[in-house]
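The next block holds one structure in the form of structure tokens; read it before the comments.
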Amino acid sequence: MLALFEAEFRPGAAPAALDRLADEREVPDEVRAHAAEIVAGVDEHRSDLDARIAAEAPLIPVPELGRVERTILRSAIYEVLYSAATPSGEPMRDAVSLARIYAGDAARRLVNGVLGSVSRSGGGA
């Protein structure tokens, strides 16, 4: 999430940020590879992910979402829809927890609602 969040301020910076963060924290290769897949996938599917967010939360335009909420939603929706390596309930729990910690209760409710709708509707973005 931190690498994707950094890209909110510096577009295209997520891969380099991921490398830097993984080196600093001595992240195991398996975790690093999974995180790199998420970073690349979010970048590749950004327009589809944003369209899905807009469809599930039409009252808040995606560009007006907080950067934390937008980052959390993009990465969690990517994992739910595109990542076979992640059980579908795991990114939802993680995303809701991250939203509560970093953005507050209103963000937690938004993330929970959007991800619940995405999970129930299934299908591609």
All side chain to side chain donor-acceptor pair (under 3.5 Å) counterparts of R109, not counting sequence neighbours: D105

Shared ILVMFWY cluster between V114 and I101, side chains joined below 4.5 angstrom? yes

side-chain contact (heavy atoms from CB on, under 4.5 Å) partners for E8, two or more places apart: R46, R67, R70, T71, R74

Within-4.5 Å side-chain heavy-atom neighbours: I53 and D50: yes

Identify whether F9 and L2 are in the same connected component of the hydrophobic contact network (ILVMFWY, side-chain heavy atoms under 4.5 Å). no

Do the non-hydrogen side-chain atoms of L81 and D48 ever get within less than 4.5 Å of each other? no

Considering non-hydrogen atoms only, spot the tightest contact between Y78 and I38 and give its length. CE2-CA, 3.9 Å

In this structure, are over 12 heavy atoms from other groups packed under 6.0 Å from E24 atom CD? yes

Please name all residues satisfying side-chain contact (heavy atoms from CB on, under 4.5 Å) with D23, sequence neighbours left out, ordered by chain then number. R32

Output, in order, the C-alpha distance, side-chain angles, deciding distance and verdict of side-chain contact (heavy atoms from CB on, under 4.5 Å) for L110 and L65. CA-CA 10 Å; L110 171 71; L65 285 170; 3.5 Å; yes

Please step through side-chain contact (heavy atoms from CB on, under 4.5 Å) for the pair E44 and Y82, ending with a clear verdict. CA-CA 11 Å; E44 179 183 346; Y82 299 102; over 6 Å; no

N/O donor-acceptor pair under 3.5 Å between S121 side chain and S117 backbone: yes

Only counting residues at least two apart or in another chain, list the ones meeting side-chain contact (heavy atoms from CB on, under 4.5 Å) with L18. A3, A35, A36, V39

Which atom names give the shortest non-hydrogen contact between S75 and V42, and what distance separates them? CA-CG2, 3.8 Å

Nearest-0.5 Å distance, CD1 of residue I77 to CE of residue M92: 10.0 Å

Does E79 reach the side chain of H34, with side-chain heavy atoms less than 4.5 Å apart? yes

What residues, two or more places apart in sequence or in another chain, satisfy side-chain contact (heavy atoms from CB on, under 4.5 Å) together with V31? V27, P28

Pairs under 3.5 angstrom only: tabulate donor-acceptor contacts from the side chains of residues 54-62 to other protein residues two or more places apart or in another chain.
none

If hydrophobic clusters are built from ILVMFWY residues whose side chains come within less than 4.5 Å, do F5 and L21 share one? no

How close do A103 and A107 get, heavy atom to heavy atom, and via which atoms? CB-CB, 3.4 Å

